[in-house]
Amino acid sequence: MNGDLLLFFGLALVAVGAAVAMLVSRNAVYSALFLIINFATIAVFFLMLGAPFIAMAQVTVYAGAIMVLFLFVIMLLGAEQIQLPGRGGWQRPLAILLAVALVAETAVVIFGRGEVTQMLQPSASDYGNPQAIGMTLFSDFLLPFEVTSVLLLAAMVGVIVITKEDRKKPE
Amino acid sequence: MVPVSYYFALSAILFTLGALGVLLRRNAIIVFMSIELMLNAANLLFVAFARSFGALNGQIYVFFVIAVAAAEVAVGLALIVAIFRSRQTVNLDDITSMKG
């Protein structure tokens, strides 16, 4: 087993373990922290796949900004200790059954077709560097980029409107 | 080097765990975090296939997914805060009506 495979399986173990821990944690704060571990390992996977720009965006935006927002809301609401109610018992076996079906289908796709089992070849030296990403982003994907900026602005205005205190309501 | 199918399998496992979280947990914030997990599984597959085909488009798509996820999380958490203000709960079983 070479070093790449060893690194892959170690990181995959950490990622899947963090995801499972996120699911079973009773405390929502611990769930958020386990999700940050998961995002960090995914960022290392991005580095292994030759995407340093995406890896840095993952660390700053996902593991940084978004998870801080999650932690802030969890602690603001005091919602970290909500226990599972007794209702909804039929959902659990159904969900596990559907999960097993999804994994089985994926295994059939992976091992039933030959073309996705190829080894990743070493790529060109300038593949995935931020300059190439920027050139593609601002030439071929300029319109989606601008639409994204409008989307972020709309989201910001929407958040302000949703969380604004209703002052006209009589107390 | 690592085969693409390994990344495929890891992405499928992470996506399944996220779907399980959405189906099983009743805390709205945990359900949101599970959706983030599913988006990340899809992102991993995008980058793996971009590397496999030697194209940059997959990485650009991941960039857009991250931006849209940021907007989605901001709006979703604002909705959760607004619902918590009127209902004093984030349990999805108790939020069955949109009437305040």
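Chain A is the first sequence line, chain B the second, and so forth, proteins listed ahead of strands; every chain is numbered from 1. Only heavy atoms go into these numbers, but all of them, side chains included; no hydrogens, no water, no symmetry mates.
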(request) Below 4.5 Å from any heavy atom of chain A, which atoms of B:L14 appear? Answer side chain, backbone, both or neither. (result) side chain
(request) Could you tell me which portion of B:Q88 (side chain, backbone, both or neither) has an atom closer than 4.5 angstrom to a non-hydrogen atom of chain A? (result) neither
(request) Would you mind telling me which of B:N43, B:L44, B:I30 has the largest number of heavy-atom pairs within less than 4.5 Å of chain A? (result) B:L44
(request) For chain A, find which of B:L39, B:V22, B:L20, B:N40 contributes the most heavy-atom pairs closer than 4.5 angstrom. (result) B:N40
(request) Heavy atoms only, distances under 4.5 angstrom: which of A:D4, A:I54, A:I96 has the most pairs with chain B? Name it, please. (result) A:I54
(request) Name the option with the most non-hydrogen atom pairs under 4.5 Å to chain A; the candidates are B:G18, B:A50, B:A19. (result) B:A50
(request) Go through the steps to decide whether A:I133 and B:F63 satisfy the test side chain to side chain contact (heavy atoms under 4.5 Å, CB included), and finish with yes or no. (result) CA-CA 10 Å; A:I133 295 276; B:F63 174 78; over 6 Å; no
(request) Report the distance from atom CZ of B:F32 to atom CD1 of A:I66, rounding to the nearest 0.5 Å. (result) 11.0 Å
(request) Examine whether an atom of B:A28 lies under 4.5 Å from a heavy atom of chain A, and if so say whether it belongs to the side chain, the backbone or both; otherwise answer neither. (result) neither
(request) Answer whether the closest heavy-atom distance between the side chains of A:T106 and B:T16 falls below 4.5 Å. (result) no
(message) Under a 4.5 Å cutoff for heavy-atom pairs, which residue among A:A15, A:A65, A:A99 has the most contacts with chain B?
(response) A:A99
(request) To the nearest 0.5 angstrom, please state how far the CZ atom of A:F70 sits from the CG atom of B:L77. (result) 5.0 Å
(message) Which one wins on heavy-atom pair count under 4.5 Å against chain A: B:V68, B:L37, B:I80?
(response) B:L37
(message) Less than 4.5 Å to any heavy atom of chain A: does that hold for the side chain of B:A41, its backbone, both, or neither?
(response) neither
(message) Quick check for you: among A:L23, A:L7, A:V20, which has the greatest number of heavy-atom pairs under 4.5 Å with chain B?
(response) A:L23
(request) Mind ranking B:G21, B:A82, B:A78 by heavy-atom pairs under 4.5 Å with chain A and telling me who comes out on top? (result) B:A78
(message) Taking every non-hydrogen pair under 4.5 Å, which of A:N38, A:V147, A:D140 racks up the most with chain B?
(response) A:N38
(message) Within the 4.5 Å heavy-atom criterion, are A:V73 and B:F84 side-chain neighbours or not?
(response) no
(request) Counting only heavy atoms closer than 4.5 Å, note whether A:M156 contacts chain B via side chain, backbone, both or neither. (result) neither
(request) Kindly write out the residues that satisfy side-chain contact (heavy atoms from CB on, under 4.5 Å) with A:F141, not counting sequence neighbours, or none if the list is empty. (result) A:T136, A:L137, A:P144, B:N57, B:I60, B:Y61, B:F64
(request) Using a cut-off of under 4.5 Å on heavy-atom pairs, state which of B:L56, B:I13, B:L23 scores highest against chain A. (result) B:L56
(request) Any chance you could lay out the side chain to side chain contact (heavy atoms under 4.5 Å, CB included) test for B:M33 and A:I74, step after step, and finish with the verdict? (result) CA-CA 11 Å; B:M33 286 198 270; A:I74 290 169; 4.2 Å; yes
(request) Find the one option among A:G158, A:S149, A:A32 whose heavy-atom pairs under 4.5 Å with chain B are most numerous. (result) A:A32
(message) If I take atom CG from residue A:L49 and atom OG from residue B:S52, how far apart are they, to the nearest 0.5 angstrom?
(response) 10.0 Å
(message) Students often mix this up, so state it plainly: with edges at 30° and 60°, are the rings of A:F45 and B:Y7 parallel, tilted or perpendicular?
(response) perpendicular
(message) Which atoms of A:V61 are under 4.5 Å from chain B, going by heavy atoms: the side chain, the backbone, both sets, or neither?
(response) side chain
(request) Please flag which part of B:L10 lies under 4.5 Å from any non-hydrogen atom of chain A: side chain, backbone, both or neither. (result) side chain
(request) Would you sort out whether A:M22 and B:L17 count as a side chain to side chain contact (heavy atoms under 4.5 Å, CB included), showing the intermediate values? (result) CA-CA 10 Å; A:M22 191 273 282; B:L17 287 172; over 6 Å; no
(request) Answer with side chain, backbone, both or neither: which region of B:A48 has an atom nearer than 4.5 Å to a non-hydrogen atom of chain A? (result) both
(message) Ignoring hydrogens, what is the shortest heavy-atom contact between A:L152 and B:A67? Give both atom names and the distance.
(response) CD2-O, 3.7 Å
(request) Tell me, for A:S25 versus chain B, whether the close heavy atoms (under 4.5 Å) come from the side chain, the backbone, both or neither. (result) backbone
(message) Treating B:R85 as the side-chain partner and A:T163 as the backbone partner, does any N or O pair qualify as donor plus acceptor under 3.5 Å?
(response) yes
(request) Report the distance from atom CZ of A:F53 to atom CD of B:Q59, rounding to the nearest 0.5 Å. (result) 9.5 Å
(message) Assigning hydrophobic clusters by single linkage (Ile, Leu, Val, Met, Phe, Trp, Tyr; side-chain heavy-atom cutoff under 4.5 Å), is A:V44 placed with A:F9?
(response) yes
